[in-house]
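Working notes for the structure below.
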Number of protein chains: 2
Amino acid sequence: MAITIYDVAREANVSMATVSRVVNGNQNVKPATRKKVLDCIERLGYRPNAVARGLASKRTTTIGVIVPDMSKSYYAELSRGIADVATMYEYNIIISNSDKSTSREVELFEDHLGKQVDGLIFMSDSISPEVRKEMKTANVPIVLAGTLDFETNLPSVNIDHEQAAYEVTKKLIDNGHKRIAFVSGPFTRDINRVCKRVGYIRALEEAGMMIDESLIVETDNTYDDAYESWNVLGKLSDRPTAVMTSSDEVAIGIMNGVRDENLRIPEDLEIICFQHSILARIVRPQLTAIVVPLYDLGAVSMRLLTKLMNKEEVEETEVVLPYYLEERQSVKK
Amino acid sequence: MAITIYDVAREANVSMATVSRVVNGNQNVKPATRKKVLDCIERLGYRPNAVARGLASKRTTTIGVIVPDMSKSYYAELSRGIADVATMYEYNIIISNSDKSTSREVELFEDHLGKQVDGLIFMSDSISPEVRKEMKTANVPIVLAGTLDFETNLPSVNIDHEQAAYEVTKKLIDNGHKRIAFVSGPFTRDINRVCKRVGYIRALEEAGMMIDESLIVETDNTYDDAYESWNVLGKLSDRPTAVMTSSDEVAIGIMNGVRDENLRIPEDLEIICFQHSILARIVRPQLTAIVVPLYDLGAVSMRLLTKLMNKEEVEETEVVLPYYLEERQSVKK
DNA sequence: CTGAAAGCGCTAACAT
DNA sequence: ATGTTAGCGCTTTCAG
């Protein structure tokens with residue numbers, strides 16, 4: 001059996017309450033007593049039982065993170081931001097993968113809530129009614145990280161993907177392109193269908209250009225699928241001379257498809273992508289990209305969650321972080 | 001206040017013990033009673049408190065994962081393997097980043113143990129005496145994933161990096177190369193210094209070749225540092241014609257360094273790397289590589305841990321998983 | 001098959 | 001400044 005607070009109390013000839021005070025840094029302890037207790041703790045190798053503490057205090061200092069897939073660099077980077085701020089505020093994180101399944105998301109909410117997490121950070125492609133119901137009935141704060149909610153106004157941290165896509169498209173238009181494609185990730189993802197796609201269309205319409213649906217291609221956001229997508233795009237009689245992609249991995253799929261046709265980037269095709277990893281920087285030519293501050297998205301989400309858990313006043317619960325365009329080699333000068 | 005087991009008991013006109021039995025799937029409950037209780041649970045929206053359960057049963061169904069950096073694809077992939085098997089056996093995971101700091105690793109052991117995790121999976125570059133002491137005094141099973149321990153024989157899951165490096169080097173020798181470099185990650189990492197480096201040297205010596213220390217380059221395992229390393233290697237009077245790298249990211253650094261000198265791969269330099277991500281496959285030329293089964297490393301580690309936590313008999317606690325060489329384009333046919 | 005009761009290890013009033 | 005005590009919500013004997 002492990003050492004308990006009782007063992008320490010007996011050893012130090014004080015009550016368990018005093019030991020508890022010492023452990024919790026309560027100032028109402030005479031320095032001499034404190035030292036005596038600390039010595040015993042050291043000597044016995046006492047380690048407070050966080051589970052008992054959690055039951056008694058109703059705070060577990062643990063938060064839950066529900067993410068589609070922690071192995072994807074997008075979420076891995078975001079999660080690292082969460083983890084670092086969590087550490088800073090002395091929280092542990094329980095992380096679970098939903099694989100974007102609504103039923104799994106609901107299960108995970110129940111699971112994490114059952115574990116009495118003090119708060120939750122949720123990421124998903126889109127929010128289903130079932131999940132919204134879970135969030136409504138949860139008794140702890142929830143923050144959406146990089147995840148959109150159009151119905152309600154839950155605390156969230158995002159960048160303005162619509163505006164970013166608009167700017168990317170506009171830049172391509174200004175570069176003289178008439179045929180600009182948008183190779184997207186799945187449209188089941190709000191960020192793609194509702195943000196990037198809409199920004200793309202807004203820029204085209206503003207320039208008085210036609211929307212050609214054959215230039216809007218949905219992929220599953222993987223390299224292989226993107227590579228295939230150029231098989232379609234490249235065979236168009238009037239093929240695109242520029243493309244915006246929803247991620248750097250997709251851009252590289254296009255890029256290799258283009259290269260295997262002996263076309264060149266940026267001479268024959270200009271590419272601007274959303275950057276989610278180191279990929280954009282290490283391929284040649286390097287990819288001009290909207291840099292998405294994934295780490296910060298996670299860090300700010302967690303910071304926001306700490307405020308909510310502390311019941312602090314938060315002026316703005318829907319945070320929008322800045323992004324920027326990094327000019328590299330996939331666009332002509 | 002949340003619904004407790006008492007509320008359900010009162011509502012169902014049974015004792016809390018019976019509710020507990022129902023919740024825990026105990027067979028000693030009359031079907032009619034079970035149904036009645038289940039109905040009340042449903043109606044009241046009762047959700048068992050895992051913290052109270054953990055305190056009473058001394059099992060939290062949570063395991064700890066200590067990892068250098070969850071944002072690195074290497075560990076992200078490995079962690080996903082852990083997470084999936086954890087889910088399968090109904091465990092949650094608390095994951096923390098050590099950033100390879102020994103003192104942080106020790107803190108995290110204490111932290112996780114304090115949270116009463118039922119087991120731990122540990123990953124690190126090398127095991128320090130302080131950490132070894134933590135592991136010795138821990139009262140729960142610990143599995144090392146992709147991490148070496150030379151002193152003791154803790155449960156672990158690995159691949160044979162030494163043999164893999166030997167085979168890679170031998171293949172390069174058989175291809176006729178006389179100057180073969182090894183661009184490594186940090187030698188503070190046992191896997192590099194003690195395994196890959198040793199396998200590399202073994203192959204050279206077996207072929208009667210000299211060990212030229214200038215061909216062994218230590219990097220911090222990043223793209224940028226690897227790129228710089230070619231500045232050194234490429235300027236050698238008798239420069240290498242082949243190179244083994246400890247990761248695909250490092251290989252790409254070399255590759256771009258080579259390309260910026262207008263040399264070609266594989267004509268002027270052959271490369272074989274250890275593959276830790278999608279990178280090896282999406283760059284051109286694609287990289288011939290030792291495929292490291294990261295996901296499986298994690299999954300098998302977790303499976304092993306479940307057996308240990310169940311006190312099952314385990315015949316072999318030091319598991320070695322197979323790897324294979326994927327021939328692609330960075331080596332001549 | 002069901003209930004009563006004793007903890008699990010700690011926090012947080014409430015006393016002193 | 002320190003001690004006493006009543007829970008926190010559940011599991012787990014032990015009875016019956």
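Each chain gets a letter, A, B and so on, in the order its sequence line appears, and its residues count up from 1. These figures come from a predicted structure and were not determined experimentally.
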Check the phosphate of C/dC8 against A/Asn49, side-chain N and O only, distance under 4.0 Å to OP1 or OP2. Yes or no?
no
Expressed in angstrom and rounded to an integer, what is the separation of B/Ile5 atom CD1 from D/dC8 atom P?
14 Å
Tell me which of B/Gln27 and B/Ser57 sits closer to the 5' end of DNA chain C, going by the nucleotide each one is nearest to.
B/Gln27
Name the nucleic acid region contacted by A/Val14, choosing base, sugar-phosphate or nothing; use a 4.0 angstrom heavy-atom cut-off, strictly under.
sugar-phosphate
Considering only C/dC1, C/dA12, D/dT2, which nucleotide approaches the side chain of B/Lys30 most closely?
C/dC1
Look at the side-chain N and O atoms of A/Asn28 and state whether any lies under 4.0 Å from the OP1 or OP2 oxygen of D/dT2.
no
Of the listed C/dT11, C/dG3, D/dC10, the closest approach to the B/Ala52 side chain comes from D/dC10
Does the ring of A/Tyr91 carry A/Arg303 above it, NZ/CZ under 6.0 angstrom from centre and within 45° of its axis?
no
Any side-chain N or O of B/Lys58 below 4.0 angstrom from OP1/OP2 of D/dC10?
no
CG of A/Asp84 to CG of B/Asp99, rounded to nearest 0.5 Å, is 7.0 Å
Could you pick out which residue, B/Val23 or A/Arg34, lies toward the 5' side of DNA chain D when each is mapped onto its nearest nucleotide?
A/Arg34
With a cut-off of less than 4.0 Å, is there a side-chain N or O of B/Arg53 near OP1 or OP2 of D/dT11?
yes
Rounded to whole Å, CG of A/Asn24 lies from C1' of C/dG9 at a distance of 13 Å
Take the protein atom CG of A/Leu113 and the nucleotide atom P of D/dG9, then report the distance between them rounded to whole Å.
15 Å
Any side-chain N or O of A/Tyr6 below 4.0 angstrom from OP1/OP2 of D/dT4?
no
What do the steps show when you test A/Thr306 against A/Asn310 for side chain to side chain donor-acceptor pair (under 3.5 Å), and what is the final call?
CA-CA 6 Å; A/Thr306 63; A/Asn310 280 336; 5.4 Å; no
In this structure, how many angstroms lie between the C1' atom of D/dG3 and the CZ atom of A/Arg10, rounded?
16 Å
Please state how far atom CG in A/Leu55 lies from atom P in D/dA6, giving the value in whole angstrom units.
17 Å
Reckon A/Thr33 has a side-chain N or O less than 4.0 Å from the OP1 or OP2 of D/dT2?
yes
Between D/dC8 (P) and A/Gln116 (CD): distance, integer Å
14 Å
Any non-hydrogen side-chain atom of B/Asn97 less than 4.5 Å from a side-chain atom of B/Val67?
yes
Looking only at D/dC10, C/dT11, D/dT2, the nucleotide nearest the B/Met16 side chain is D/dC10
Against the side chain of A/Arg21, the closest entry in D/dC14, C/dG9, D/dT2 is D/dT2
Please determine whether salt bridge (charged side-chain N to carboxylate O under 4.0 Å, His left out) holds for the pair B/Lys100 and B/Glu105, giving the CA-CA distance in whole Å, both sets of side-chain angles, and the decisive distance to 0.1 Å.
CA-CA 7 Å; B/Lys100 307 178 177 183; B/Glu105 286 172 347; over 6 Å; no
Quick one: B/Asn26 CG to C/dG3 P, roughly how many Å, whole number?
13 Å
Separation of D/dC8 atom P from B/Asp7 atom CG, nearest Å, is 11 Å
So, is A/Ser20 close to the C/dT11 phosphate, meaning a side-chain N or O under 4.0 Å from OP1 or OP2?
yes
Taking OP1 and OP2 of C/dA4, is either one under 4.0 Å from a side-chain nitrogen or oxygen of B/Ser15?
no
Tightest non-hydrogen contact, residues A/Arg34 and A/Val22, listed as CA-CG2, 4.1 Å
